[in-house]
Amino acid sequence: MIDDCIHDKCSKGDTMNSDSAKKGLERAGHRSLLRALGCTDREIEQPFIGIINSHSDIVPGHTHLREIARAVKEGVWQAGGTPFEMNTIAVCDGIAMNHTGMRFSLPSRELIADSSEILAQAHAFDGLVFIPNCDKVVPGMIMAALRLNVPAIFVSGGPMLAGRMGSEAVDLNSVFMAVGKAVKGDMSKEELDELERLACPGCGSCAGMFTANTMNCLTEVLGLSLAGSGTIPAVFAARIGLARETGRSLMDLVRAGTLPRHIVTRDAMYNAFVVDTALGGSTNSILHLMAIASEAGIDFPLGEVNGISARTPHLTKLSPAGEHRIEDLYRAGGISALMAELRQLLNLNVKRVSGRTLAEDIAGAVNTNPDVIRTAANPYSPRGGLAVLFGNLAPEGAVVKAAAVAPEMLVHRGPARVFNSEAEATAAIMAGNIRAGEVIVLRYEGPKGGPGMPEMLTPTSLLSGMGMDKEVALVTDGRFSGATRGAAIGHVSPEAAARGPVAAVEDGDIISINIPESQINVELPDTVIEDRLAKLSPFQPKIATGYLKRYAEKVSSASRGAIFQL
């Protein structure tokens, strides 16, 4: 009976209340445990605020988050709340890249959402502050906030500053690409070693418009964080001030009863896709935004992204698409300035955690550097930097960061070179066995087949570093890092493990790609594709134990955000 009541309450979106854990004669034991924490009568009386932190000593983007949490707690105390800090997990995609660890990266998103839900429900908080920074932590925490629907606010740890090698700005992607140069003989091992030591100068999410920074910027667009959360560098004092103000603002949300689902509406989701395409953000952002929409109960078909992109000018070219970094975007006015340039395309009346509308939040925003944030009248391109491709190779869609594709590769036709794992493809690239004009098909790396839909930064970086990103396309049912550049088309759905058409492709089949027309096809009759699929042996999971086994059994297609199917 109790469980049914709890489930019913949560399903209706009612907020939790700390009174259920501290008020009444029967809660004497609960209060005794709170006093063991050092809580005074006043602190027990005040609203309980959960600070869900993703601090970790192994993730450069998270190693400083205790300082952010300390400032958040100060803000909560100043505004009359009682904060309690807790932790959830985080994976560093860069360290996990190109080995078994990468299979756990995307699946960590569901664990982050679930563990945040557990922490919040078990302790009946009146409000929540989420402190993410890197790739899967941001969307995982947003999913939890929407699921819980308790007053909530976000503050990220902020971006890493770019490194310097001579006069050149460098970042993590510079190192991955340099490996390809070293393989080709265009860079010495000594130069690579120097770059390795200079590229990542300190804490923060990697310096380009990669997945972590894309998602932190989009959290700001959705209205779940205060202005600056997506772009103020991790080491700037302004971020500590922002964290303190975030704690104070959360208390305003608690008193007003403002809930995440009041903020993340379909109009807010639309705004996020507009800004995402204007930024030319990571392809992973589409995966995560689809999952966020699903958690919010919002129907947002993948095909709508192309319509949004067609109407949205591409206004920034940050690494890997260009030479600017997140710190440059911050100095140019940040996401507020970018949204001001896009105001004619945005829904301006949406609510935000600031307590104001979007129109009010960006009223005073100024673009101080039109070289970094181009005006709508002078875009890099009249259409946005992301595209979803459809065709007989990807009936449910595939995603490409069009802004990072060389013009000569926007339309491409070539023979397939098929690999059934990232390791096979990487070995072939490093051995120089890929020829100009080919289309690398890298399959069985999707949500089920991977399992875990690993990122393919190593093969794409090798191709870029070897100068082949203007000659070769790569198509996969896996994912790409936000740092990827070139004609890298991912999220092919249905995936090979689900007997999608990509499983039928053979070496030499002609694949045609037309990014401006949103098309990707293998030049085969439907009957041939069907016959080949029918002859395939049953798919054998690569990992048959532990969390990845359970993940593969429950995960949906990438076209739906790779969410759990309940």
Side-chain angles (χ1 to χ4, degrees), residues 106 283 286-287 290 301-303 305-306 387-402 405 409-422 424-425 437-454 456 459-460 472-480 487-542 552 555-563 565:
L106 181 60
T283 52
I286 294 181
L287 189 76
M290 297 302 291
L302 187 60
V305 176
N306 284 333
V388 181
L389 312 185
F390 294 92
N392 71 349
L393 191 60
E396 295 178 8
V399 180
V400 63
K401 189 170 185 172
V405 179
M409 290 299 293
L410 289 171
V411 177
H412 180 74
R413 180 177 179 273
R417 283 290 303 281
V418 181
F419 301 94
N420 289 332
S421 73
E422 179 187 12
E424 291 177 14
E438 291 182 330
V439 178
I440 298 171
V441 176
L442 210 173
R443 63 192 180 191
Y444 293 103
E445 295 288 12
K448 292 182 182 295
M453 205 179 182
M456 305 293 156
T460 57
V472 173
L474 196 158
V475 176
T476 182
D477 52 9
R479 298 182 298 126
F480 292 113
I489 299 163
H491 308 194
V492 170
S493 300
E495 62 177 294
R499 290 298 181 261
V502 69
V505 178
E506 296 179 357
D507 283 344
D509 290 343
I510 301 300
I511 293 177
S512 61
I513 299 164
N514 190 321
I515 294 174
E517 297 296 327
S518 304
Q519 286 290 310
I520 182 167
N521 290 283
V522 57
E523 296 181 5
L524 293 172
D526 290 345
T527 53
V528 172
I529 294 174
E530 292 166 5
D531 183 60
R532 288 183 184 178
L533 291 175
K535 292 178 180 178
L536 290 175
S537 300
F539 172 68
Q540 297 297 320
K542 296 174 186 174
V555 71
S556 75
S557 167
S559 63
R560 295 177 50 208
I563 57 175
Q565 302 172 109

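Note that the structure is predicted; figures quoted are calculated from it, not measured.
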Taking the side chain as every heavy atom from C-beta outward, state whether [X] and [Y] have any pair of such atoms under 4.5 Å apart.
| X | Y | answer |
| --- | --- | --- |
| Ser512 | Glu523 | yes |
| Asn521 | Ile511 | no |
| Pro459 | Leu474 | yes |
| Asn514 | Leu389 | no |
| Ile286 | Val305 | yes |
| Ile513 | Val475 | yes |
| Val418 | Arg443 | yes |
| Asn392 | Pro501 | no |

Less than 4.0 angstrom from a charged side-chain N to a carboxylate O is my criterion; do Arg532 and Glu506 meet it? yes

Give a yes or no on whether a salt bridge exists between Glu530 and Arg499, defined as a side-chain N under 4.0 angstrom from a carboxylate O. no

Whether the side chain of [X] engages the backbone of [Y] through a donor-acceptor N/O pair (distance < 3.5 Å, no angle test) should be reported.
| X | Y | result |
| --- | --- | --- |
| Glu445 | Met453 | no |
| Arg417 | Ile440 | no |
| Lys448 | Ala498 | no |
| Ser557 | Ser493 | no |

Nearest heavy-atom pair of [X] and [Y]: which atoms, and what distance?
| X | Y | value |
| --- | --- | --- |
| Gly449 | Glu495 | N-OE1, 2.8 Å |
| Pro454 | Gly450 | CD-CA, 4.1 Å |
| His412 | Ala473 | CD2-CB, 4.2 Å |
| Val555 | Pro447 | CG1-CB, 3.7 Å |
| Ala488 | Val400 | O-CG2, 3.5 Å |
| Phe480 | Thr460 | CE2-CG2, 3.4 Å |

Side chain to side chain contact (heavy atoms under 4.5 Å, CB included) with Val522: of Val502, Val439, Asp509, Val441, only one passes, and it is Asp509

Among Ile520, Leu302, Thr283, which residue satisfies the side chain to side chain contact (heavy atoms under 4.5 Å, CB included) criterion with Val388? Leu302

According to the ring-ring contact (aromatic ring centres under 6.0 Å, His included) rule, which pairs have a member within residues 489-541, sequence neighbours left out? Tyr444-Phe539

Which residues pass the side-chain contact (heavy atoms from CB on, under 4.5 Å) test with Leu410, not counting sequence neighbours? Val405, Ile515, Pro516

If you round to the nearest 0.5 Å, how far is CD of Gln519 from CG of Leu393? 11.0 Å

Separation between CG (Asp526) and CG (Asp531), nearest 0.5 Å, reads 12.5 Å

Is a donor from one side chain sitting under 3.5 angstrom from an acceptor on the other, for Ser559 and Glu396? yes

